[in-house]
Asker: 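This is the structure I want to talk about, given as structure tokens.
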Amino acid sequence: MKTRITIVCENTASIQGGLGEHGFSAYLETERGKFLFDTGRGISLIPNLLTFGKDPLAIQKIILSHGHHDHTGGLPAILELLTGVEVWGHPDIFSLRYKITRKGNKEFNRFVGMKFHRAYLESLGARFLLEKGFRTITQDMYLTGEIPRLTSFEKGDPGLFAESEGRLIPDPIADDNSMVIDSPKGLVLLLGCAHAGLINILEYVLKQTRRDEVYAVIGGTHLDFSSLPQLDETIAALKKFNVKRIGVSHCTGLKPAGRLQAAFGEDFFYCNVGHVLEF
Ligand SMILES: [Fe+2]
Ligand SMILES: [Fe+2]
């Protein structure tokens with residue numbers, strides 16, 4: 001059986017009947033079972049699963065890329081359908097986090113963390129498996145855990161903050177995890193927002209898997225919130241991984257996506273609601 005990844009939450013929808021919302025989620029069908037990576041913002045997950053004929057009741061594990069609201073907002077809806085399920089992620093997914101924006105001399109502070117208390121989610125059947133390190137989810141599927149931030153040009157999003165000891169600090173988003181599938185075609189990297197930096201993530205995945213190429217990269221890259229020099233350096237660095245399929249989503253933004261399309265030509269695709277990747 002081929003592994004199939006269907007995008008079930010994303011900012012835009014390319015398939016009739018699909019709902020778009022700012023967020024990300026992917027449904028994975030594999031020989032080892034069915035898995036949900038992220039849950040979107042909360043509105044589109046269940047309708048899109050049903051529209052695309054994906055059985056929510058078949059989900060065996062939920063994997064969270066990080067604790068932002070647009071990746072965890074659908075948790076209650078899916079938990080209410082299941083009778084208990086493992087939820088994999090990093091211990092920091094419950095951090096209190098904010099996005100600060102300025103308009104003129106006014107500052108706006110918006111909560112962007114997990115909107116649900118851990119006890120509430122556990123009462124709906126979530127069994128949290130929260131760890132910081134690289135680990136095996138099931139055979140040929142891995143979760144990166146914390147990513148070392150090594151590149152000089154991947155600076156993170158300057159608008160994101162977290163509460164620490166009663167004050168706001170730049171959010172390290174240490175919980176940023178990505179999934180890796182070791183397929184017959186090569187490694188497939190599934191990103192939530194890539195807050196740790198796309199190149200940092202790729203370098204770490206190659207190190208952990210002792211490989212030197214990645215077949216496909218799909219998901220959010222957060223390049224929409226990065227500087228132009230970072231985008232240029234990311235595109236230049238990406239070339240060396242010999243990626244055959246690059247399908248960006250969500251926080252990539254349309255302008256950076258256009259630059260990636262120009263750089264990668266036919267290998268590029270926009271990975272929005274309804275898109276299917278088989279390998
Ligand atoms: Fe996001
Ligand atoms: Fe995020």
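One-based numbering, in listed order, for ligands and for the atoms of each. The analysis underlying the following values was restricted to heavy atoms, covering all of them including side chains, and did not include hydrogens, waters or symmetry mates. In this text the structure is predicted, and so the values were computed from the model without any measurement.
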Asker: Indicate if the distance from the Fe ion (ligand 1) to the nearest N, O or S atom of H250 falls below 2.8 Å.
Answerer: yes
Asker: Confirm or rule out an N/O/S atom of C193, from backbone or side chain, lying less than 2.8 Å from the Fe ion (ligand 2).
Answerer: yes
Asker: Would you check if the Fe ion (ligand 2) lies under 2.8 Å from any N, O or S atom of H68?
Answerer: yes
Asker: Measure from the Fe ion (ligand 1) to every N/O/S atom of D70 and report the name of the nearest one.
Answerer: OD2
Asker: Looking at R4 and E278, is there a salt bridge between them, counting it only when a charged N and a carboxylate O are closer than 4.0 Å?
Answerer: yes
Asker: Under 6.0 Å from the ring centre and within 45 degrees of the ring axis: does the NZ or CZ of K244 meet both conditions for the six-membered ring of F264?
Answerer: no
Asker: What's the shortest heavy-atom distance between P158 and F225, and which atoms?
Answerer: CD-O, 4.2 Å
Asker: Is a side-chain donor or acceptor of S25 paired with a backbone partner of D38 at a separation under 3.5 angstrom?
Answerer: yes
Asker: Kindly report the NE2-the Fe ion (ligand 2)-NE2 angle for H195 and H66 respectively, rounded to 10°.
Answerer: 100°
Asker: Would you say H71 reaches the Fe ion (ligand 2) with an N/O/S atom under 2.8 Å?
Answerer: no
Asker: Closer than 3.5 angstrom, by distance alone: can the side chain of Y98 be matched with the main-chain N or O of E163 as a donor-acceptor pair?
Answerer: no
